[in-house]
Structure formats: C-alpha cells, structure tokens
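Every value quoted in this text rests on a predicted model; they were computed, and no experiment measured them. All ligand and atom numbering here is 1-based and tracks the order in the structure.
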Amino acid sequence: NPLARAQYLLAAHNFRQLPPDGGFEVAFAGRSNAGKSSALNALCQQNALARVSKTPGRTQQLVFFEIPPSTDRFLVDLPGYGYAKVPQDLQAHWQAFLDGYFGSRQALRGLVVVMDIRHPLKDYDRQMLRYAVERGLPAHALLTKADKLSRGAQGNALLAVRKELSSAYGDTVSVQTFSGESKLGVEEARAVVARWLEL
Ligand code: GDP
C-alpha cells in the first residue's frame with residue numbers, strides 16, 4: 001500500500017503556502033464528524049495521521065500529506081464544515097482560497113467526498129462535488145460508517161446515492177460504501193486514490 005508511507009508535510013492557509021504545483025494530489029472533503037479523518041487513517045493504515053488536521057487553528061487550512069519517496073504526490077485534507085462561528089471576513093478569505101484552489105490547482109487530480117451513509121448529499125457535499133465537476137475533475141464519494149447499517153440498508157443507500165449522483169453529475173462521480181471501523185471498502189477506495197496519483 002503506497003499510501004501507508006503518507007506523512008504530514010504542511011498546512012496552508014493561503015496560496016503562498018501551497019507546495020509547488022507540479023505534481024499530483026487528491027483532496028478529501030467532508031462535513032465535520034462525517035468520518036473523514038478515520039477514512040484517511042484507514043486508507044493510509046495509520047492511527048493518527050489525520051489528527052493533525054484537527055489541531056485548533058488548522059480548521060481553515062489545507063493540510064498536505066506527502067507520499068515518499070516521491071516529493072510531488074499529496075493527499076490534501078480540506079477542513080470540514082461547521083465553522084459557522086467563524087468571523088465574516090475570515091469566512092470570505094477561506095471561500096476565496098477554496099474557490100481559487102479548486103479553480104486553478106493543476107496538481108489536483110480528483111476529489112474524495114466523505115459522507116455519513118445515514119446523511120448523504122448535504123449542501124456542503126454538493127458544493128464540493130460541484131467544484132470538482134465544474135473543473136472536469138473526477139470525484140469519488142465514500143458512504144462511510146456503513147457498519148452502522150445492515151447489509152440491506154447499505155445496499156439501498158448506495159443505490160439511492162448512485163442514482164442521484166449520476167443524474168446530477170453524470171459519470172464523473174463514483175460512489176462506494178465504506179467503513180473506517182470495519183475497513184469495508186478500504187481497498188476499493190485506495191485503488192481509486194492510487195490511480196489518480198499515478199502511484
Ligand atoms: P471527521 O470529523 O470527519 O474527521 O470524523 P472522524 O473521523 O473524527 O469521526 C467522527 C466520529 O465518527 C468519531 O467518533 C469516529 O470514531 C466515528 N467514525 C468514523 N468513521 C466511522 C466508521 O466507519 N464507523 C463507525 N461506526 N464510526 C466511525
């Protein structure tokens with residue numbers, strides 16, 4: 001698993017702090033508490049990799065993890081939402097940064113959107129998917145915490161989300177069930193990320 005080598009590189013809160021835009025990167029988005037950190041940790045077979053993203057003050061930064069030995073392949077942890085308490089001007093700065101990142105970052109090869117299988121496709125998730133689709137980037141949705149549902153309910157949720165995604169975004173968005181807890185779907189998700197990173 002090449003992702004097992006992932007390690008923290010830096011956290012950027014503006015364009016100047018981004019690593020050089022010459023490589024390959026996959027961004028991870030998800031509402032707070034959706035299970036994004038657990039998903040990143042499971043993909044990378046590490047217990048605390050994404051903990052750094054949750055450090056207070058890092059909530060409005062893009063956290064970059066590099067994948068040695070290459071120096072130009074990154075996983076990028078986008079902050080979860082749930083920062084309604086953030087002052088207006090910071091909010092605007094952040095929105096502009098995110099718009100710019102999605103709009104212009106050449107290295108960005110794909111987006112993973114992590115959603116709680118019991119509450120998929122909230123406004124935030126749709127906004128993120130729109131960012132990707134508008135740029136012609138592929139996106140992959142993880143319906144995580146699948147272990148909380150029966151097999152039958154998992155299948156129903158998957159079909160419903162797949163149907164909705166394909167009617168809204170066509171075939172540039174794929175979806176699977178996932179669990180950071182039981183490790184369901186980890187191999188499948190890892191294969192998508194590794195392909196986008198050309199690992
Ligand atoms: P984040 O805020 O999106 O990074 O979410 P976390 O990964 O920190 O997870 C939020 C909460 O959901 C934690 O209490 C996790 O233990 C729990 N959680 C995350 N993934 C799963 C999963 O696949 N199954 C179950 N049952 N719980 C999960």
Side-chain angles (χ1 to χ4, degrees), residues 1 3-4 6-13 25-67 74-86 90-91 94 98 101-102 110-129 131-132 139-162 173-193:
N1 170 18
L3 300 185
Q7 59 187 37
Y8 172 77
L9 177 65
L10 58 80
H13 69 264
E25 64 205 37
V26 172
F28 287 74
R31 299 166 67 225
S32 298
N33 239 30
K36 176 165 54 84
S37 303
S38 304
L40 271 164
N41 289 342
L43 291 172
C44 299
Q45 293 176 282
Q46 298 186 36
N47 292 328
L49 182 75
R51 186 179 295 161
V52 61
S53 307
K54 297 199 154 185
T55 312
R58 291 245 162 99
T59 49
Q60 289 214 325
Q61 302 188 335
L62 303 190
V63 177
F64 281 74
F65 301 95
E66 66 178 351
I67 303 168
F74 308 112
L75 304 176
V76 185
D77 193 357
L78 307 180
Y81 253 25
Y83 45 79
K85 292 194 203 82
V86 167
L90 250 185
Q91 186 94 310
W94 174 248
L98 211 55
Y101 174 77
F102 272 101
L111 171 73
V112 174
V113 178
V114 180
M115 305 187 282
D116 186 320
I117 191 167
R118 300 163 299 173
H119 316 286
L121 294 172
K122 299 288 190 190
D123 287 348
Y124 167 84
D125 306 313
R126 293 175 190 280
Q127 167 73 56
M128 291 294 139
L129 289 167
Y131 270 136
H140 188 65
L142 301 182
L143 300 180
T144 193
K145 308 192 189 182
D147 60 281
K148 299 225 184 213
L149 298 182
S150 68
R151 289 294 293 266
Q154 289 173 26
N156 291 340
L158 179 63
L159 283 180
V161 171
R162 183 171 281 149
V173 184
S174 49
V175 57
Q176 66 162 99
T177 50
F178 189 91
S179 169
E181 194 95 351
S182 75
K183 312 297 182 223
L184 170 80
V186 170
E187 296 280 342
E188 183 182 351
R190 204 180 271 151
V192 171
V193 173

I need the contact residues for ligand 1: any residue with a non-hydrogen atom closer than 4.0 Å to the ligand, ordered by chain then number. Arg31, Ser32, Asn33, Ala34, Gly35, Lys36, Ser37, Ser38, Lys54, Thr144, Lys145, Asp147, Lys148, Ser179, Gly180, Glu181
Just jot down the side-chain hydrogen bond (donor to acceptor under 3.5 Å, both in side chains) partners of Gln7, sequence neighbours excluded, or say none.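 With sequence neighbours excluded, Gln7 shows a side-chain hydrogen bond (donor to acceptor under 3.5 Å, both in side chains) to Glu66, given in chain and number order.
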Any side chain to side chain donor-acceptor pair (under 3.5 Å) involving residues 140-158? Give me the pairs, sequence neighbours left out, ordered by first then second residue. His140-Ser174, His140-Gln176, Asp147-Ser179
Heavy-atom count check: over 12 atoms from other residues, nucleotides or ligands less than 6.0 Å from Arg51 CZ?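 Not more than 12 within 6.0 Å, no.
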Apply ring-ring contact (aromatic ring centres under 6.0 Å, His included) to Phe74 and list each qualifying residue two or more places apart in sequence or on a separate chain.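 ring-ring contact (aromatic ring centres under 6.0 Å, His included) list for Phe74, sorted by chain: Phe64.
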Any side-chain heavy-atom pair from Tyr124 and Leu129 closer than 4.5 angstrom? no
Can you find a heavy atom in the side chain of Leu78 that is under 4.5 Å from one in the side chain of Phe102?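 Side chain of Leu78 against side chain of Phe102, heavy atoms only: contact under 4.5 Å found.
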